[in-house]
Number of protein chains: 2
Amino acid sequence: MPRSSNPSAAKGGPVTLTQVARRAGVSAQTVSNAINSPDMLRPETLERVRRAIDEMGYRPSRAAQTLRTRSSRLIGYGIQPALSSSPVLDRFLHALSQAADEAGYRILLFASPSGGPALDGYEELLGQHEVDGFVLSGTERGDPRQAWLTKRGVPFVGFGRMWSGRQIGDWVDVDGASGTDAAVEHLVARGHRKIAFLGWERGVSGAGDDRAEGWQRAMRRHGLSTRGRRGQSVNDTDAARMAVKPLLDAGATAVIAASDMLALGCYQMLRERGALPGRDVSVVGFDDSPAAELLSPTLTSLAQPLEEVGRECVRLLLDRIASPDAPPERLLLEPSLVVRDSTAAAPHGAAR
Amino acid sequence: MPRSSNPSAAKGGPVTLTQVARRAGVSAQTVSNAINSPDMLRPETLERVRRAIDEMGYRPSRAAQTLRTRSSRLIGYGIQPALSSSPVLDRFLHALSQAADEAGYRILLFASPSGGPALDGYEELLGQHEVDGFVLSGTERGDPRQAWLTKRGVPFVGFGRMWSGRQIGDWVDVDGASGTDAAVEHLVARGHRKIAFLGWERGVSGAGDDRAEGWQRAMRRHGLSTRGRRGQSVNDTDAARMAVKPLLDAGATAVIAASDMLALGCYQMLRERGALPGRDVSVVGFDDSPAAELLSPTLTSLAQPLEEVGRECVRLLLDRIASPDAPPERLLLEPSLVVRDSTAAAPHGAAR
DNA sequence: TCTCAGCATTCGAACGTTCCAAAGACATTA
DNA sequence: TAATGTCTTTGGAACGTTCGAATGCTGAGA
């Protein structure tokens, strides 16, 4: 017999444990056991209970479970207004939500006001015992949240490491340096030697410095000079356009940008000079934003493994909830280079 | 005495209603009343109870409230992978979350699989009585969710109207036609006559057809011809680049695009022809995505009032929860034209 | 036959809140 | 004084689940 489509709406309120128990001819506790520790039951009884559950379309009430077990199976996430306008956050949120679902948890959103993360929202969710833990993102320099949560013994995981001071708590992050390093490898393999880096100003963004660092170390490893090959700009196509100019003037045959937005600025300057990205100068972006695929020529970019980040955030958080005193766990994941049309072999004669 | 910073962590479990009652020298019920219907208490008693609540840092347990009142004060939102890659959704989510917070509700996320909205997630949340209602977005032609939810009597509000068949349930939407109409007005006031529209293919997107419609009616109102002024493209800068070419060849001095992405394609084609957006040809985008401000020249674009949409979604949903049988309410909000550098007076001599 | 495990199941209580009905306090009126 | 009414407060039960301890059942060993 197929499960009836919506028994609970048919009459009265929702189906309860006790009703299922009556139907299966067992006690309520046994039905509970059938769900939570099935191997405690005699196979025959289990089968009978399961049939009753199925026929009646029973679903345990989350509220009652939460009340009794003191665990809501909810993860709090403070959503910030997209000040950084990172194309990453909403994809991350989907990945996070999916990973949580698979673990039997859900994401509970609350609005974090703009202008620095306030702690009020966290306090309120905790006070009402609504969540079992938090996932933080958009962590800034001197972010107070980690210390605050640690002090109260609240489980949390950050997406993003601490960029200043000592590390606190668990986190998952993407290894930006390793990404730009791989981009250099990719370009070197295609004959490029004069590889420039276009990033943000030094010191304002930990992630930005990290990405520059990877480029630098890979260049050094190949014995290539980085002098005069590093440009700085704010995250704005026009500023990027200007910042990339001296790099091109110095003969760079490839540019690695710290974001797709910056890469777009490179595109504009190249167009102005009558040069074609890919054919004349190779360009690599960072984040693999939706635009990367839509630009023409399509943009080679470093994709953050957001699904994996989401999965690992959930895993680390659940581990932390299970054992609050275990040593902190930190995970650095590799971005992957998505090669598209904006990178190709170095123009002949420019190789050295 | 200031409220102690974290009483519940100090010792034992969280503070309960009964503990507060004991301290204030009243019954538990009275404390409950102090919170839910304060004017039932004698002012003197109320004051005493309030002090106790404050001193002990009491917060009601959401789980117990939910169990007793059968209302979780949670709103479900099925988050979809950003297939449309609309820059709108994460800003909407923040607005929604904020509006919900202000009404004492919260947003509960669940992952909706890609490739069409499946109903499983909705079923599961309902079965466990986790949410009081849903907010839908990314509604497509023939979306089954509205009918399904209506059949089970579940409150919901859509962000986006039904584009095919008859309207079902409450919704809030942005009046795209009114937006493009306003864009035409803006351009006409600056002397433009040959105003083209670059949209998506007819019939694939209700919102797209709507935006075209507004352009068309405004043109007609001003006695301007639309023949040969409408271009079609998929949402891709390269396709847009090609699609806008014949429009420019036909002498258009302004282009209204159905999305910022399409507008970016216009920029590219203009650059190729040595023309400058704003000075030579005016361009208007749609959605006011973060990129609009970062392009150079900055892009005039139609901004959706997302904060208002979020607020109204919550309001309509709560109304629906309060009175399930009230007639449906539908709201069409106006986008606002954000004027930047890509629109200016028509070049002299091209005015007619 | 009796005792002792081991297993499967059940019983009673508890989680923290709100609903409902009833009790108490107090002033007003007959 | 007793009856009536209004305003404030209280007691007991219930929401649906899981915890901990206790029960009944079965067969092995003495």
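All heavy atoms count here, side chains included; hydrogens, waters and symmetry mates do not.
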Quiz item: Want to settle it: does B:N33 or A:S32 sit nearer the 5' end of DNA chain D, counting the closest nucleotide to each?
Solution: B:N33
Practice problem: Give the rounded distance in Å between these two atoms: CZ of A:R73 and C1' of D:dT18. | Solution: 14 Å
Self-check item: Pairwise 5' ranking along DNA chain C for A:A28 and B:T16, keeping only the more 5' one
Solution: A:A28
Quiz item: With sequence neighbours excluded, what pairs up with A:F156 under the ring-ring contact (aromatic ring centres under 6.0 Å, His included) test?
Solution: none
Quiz item: Would you say B:D90's side chain and A:D90's backbone share a donor-acceptor pair under 3.5 angstrom?
Solution: no
Exercise. Give a yes or no on whether a salt bridge exists between A:E123 and A:R152, defined as a side-chain N under 4.0 angstrom from a carboxylate O.
Key: yes
Quiz item: Excluding sequence neighbours, so at least two apart, what forms side chain to side chain donor-acceptor pair (under 3.5 Å) with B:R161?
Solution: B:D173, B:D210
Exercise. Just jot down the ring-ring contact (aromatic ring centres under 6.0 Å, His included) partners of A:F134, sequence neighbours excluded, or say none.
Key: A:Y122
Exercise. Would you please name every residue forming a ring-ring contact (aromatic ring centres under 6.0 Å, His included) with B:Y105, sequence neighbours left out?
Key: none
Exercise. Only counting residues at least two apart or in another chain, list the ones meeting salt bridge (charged side-chain N to carboxylate O under 4.0 Å, His left out) with A:E312.
Key: A:R315
Sub-3.5 Å pairs of nitrogen or oxygen atoms, protein against nucleotides 19-27 of chain D:
{"from": "D:dC19", "atom 1": "N4", "to": "A:Q29", "atom 2": "OE1", "distance (Å)": "2.1"}

Quiz item: Residues in side chain to side chain donor-acceptor pair (under 3.5 Å) with B:S137, at least two apart?
Solution: B:Y77
Quiz item: Do the side chain of A:S61 and the main chain of A:A64 share a donor and acceptor less than 3.5 angstrom apart?
Solution: yes
Quiz item: Salt bridge between A:D170 and A:R330, side-chain N to carboxylate O under 4.0 Å?
Solution: no
Quiz item: Mind checking what makes side chain to side chain donor-acceptor pair (under 3.5 Å) contact with A:Q146, not counting sequence neighbours?
Solution: none
Exercise. With sequence neighbours left out, write down each residue that passes side chain to side chain donor-acceptor pair (under 3.5 Å) with A:T18, or none if nothing qualifies.
Key: none
Practice problem: Find the bend of the helix from C:dT1-D:dA30 to C:dA30-D:dT1 as the angle between its two terminal axes (five pairs each), to the nearest 10°. | Solution: 80°
Exercise. Ignoring hydrogens and angles, tell me if any N or O in the side chain of B:S72 forms a donor-acceptor pair with the backbone of B:E130 under 3.5 Å.
Key: yes
Self-check item: DNA chain D contacts made by residues 37-49 of chain A, counting heavy atoms under 4.0 Å
Solution: none
Quiz item: Taking 5' to 3' order, which nucleotide of DNA chain C is first and which is last to have an atom within less than 4.0 Å of a heavy atom in chain A?
Solution: C:dA8 to C:dG16
Quiz item: With sugar-phosphate meaning primed atoms plus P, OP1 and OP2, does B:S61 contact a base, only sugar-phosphate, or nothing at under 4.0 Å between heavy atoms?
Solution: sugar-phosphate
